[in-house]
Each structure stands twice: as C-alpha cells, then as structure tokens.
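The structure under discussion appears below in the form of structure tokens.
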Amino acid sequence: MSDTSRRKFLAAAGVGATAGTIALTTGMANAAGARRNADSAQETVLAIVDHTSSELRLLVGEREVVVDDRDLVNRILNAAGGR
C-alpha cells in the first residue's frame, strides 16, 4: 500500500479516535500548562502508537515524524484502555 493510500485509510479510520485518545491522555491538569509553539502543526495530526515499544509515529500532512517517548506512549495506551 502506498504511503498516501495508507495515510488516507488511517485518517479515515482513526483520526477521531486518535484525537479523542490524545485529548484524554493530556487530562485537565496538564491542559493549563501546555502551550503551543509558533511552529506547531497547523493541520490534522494522526498518531500511531506502537504498544510494544516507546515509539510514536505522527503523520502530519505528507510528513512522518517519529517520537521516542515511553511516558507519552504509556499515557496514550492507558487512556485507550485494555479492552
């Protein structure tokens, strides 16, 4: 599957769920401290979380950004629930 087709499929299947998961993960306590930078993403971001590692892939437009953050991955997985 080409990168563009994969992104379109994943976007259609999971943008709403991913956005909700990330929103739940940040929580109200962290929301007050988080500030967007001037160079933050200006378009929809799709996050792919690898439950077997500390890797988080962000699909932003035509780019893919890989973040290695075990704490963030754990918070997203915890917010998503186990079942």
Side-chain angles (χ1 to χ4, degrees):
M1 180 180 285
S2 74
D3 283 342
T4 303
S5 296
R6 178 176 56 110
R7 286 192 183 122
K8 285 180 182 177
F9 171 78
L10 290 171
V15 168
T18 301
T21 299
I22 291 174
L24 288 172
T25 301
T26 59
M28 292 303 290
N30 293 337
R35 300 279 186 246
R36 288 182 64 171
N37 297 337
D39 61 345
S40 66
Q42 300 298 314
E43 54 197 318
T44 300
V45 176
L46 175 65
I48 301 172
V49 181
D50 181 354
H51 73 282
T52 64
S53 74
S54 60
E55 187 174 279
L56 176 69
R57 292 182 179 273
L58 304 174
L59 303 179
V60 186
E62 295 297 316
R63 298 180 302 123
E64 180 174 348
V65 178
V66 179
V67 177
D68 185 23
D69 187 333
R70 169 53 69 192
D71 182 57
L72 180 56
V73 166
N74 286 338
R75 289 188 294 142
I76 291 171
L77 293 173
N78 288 340
R83 296 175 198 213

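Computed from a prediction, not measured in an experiment: that's the story for all the values here.
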Nearest heavy-atom pair of Glu55 and Asp68: which atoms, and what distance? N-OD1, 4.3 Å
Atom CZ in Arg75, atom CZ in Arg70: separation rounded to 0.5 Å? 13.0 Å
If the test is side-chain contact (heavy atoms from CB on, under 4.5 Å), which one of Val49, Asp50, Leu72 qualifies with Leu77? Val49
Out of curiosity, Glu43 CD to Arg63 CZ, how far, rounded to the nearest 0.5 Å? 7.0 Å
Kindly compute the distance separating CG (Asp69) from CG (Leu56), expressed to the nearest 0.5 Å. 7.5 Å
Nearest heavy atoms of Ser53 and Val73, plus distance in Å: O-CG1, 3.6 Å
Would you check if the side chain of Glu62 reaches a backbone N or O of Val60 as a donor-acceptor pair within less than 3.5 Å? no
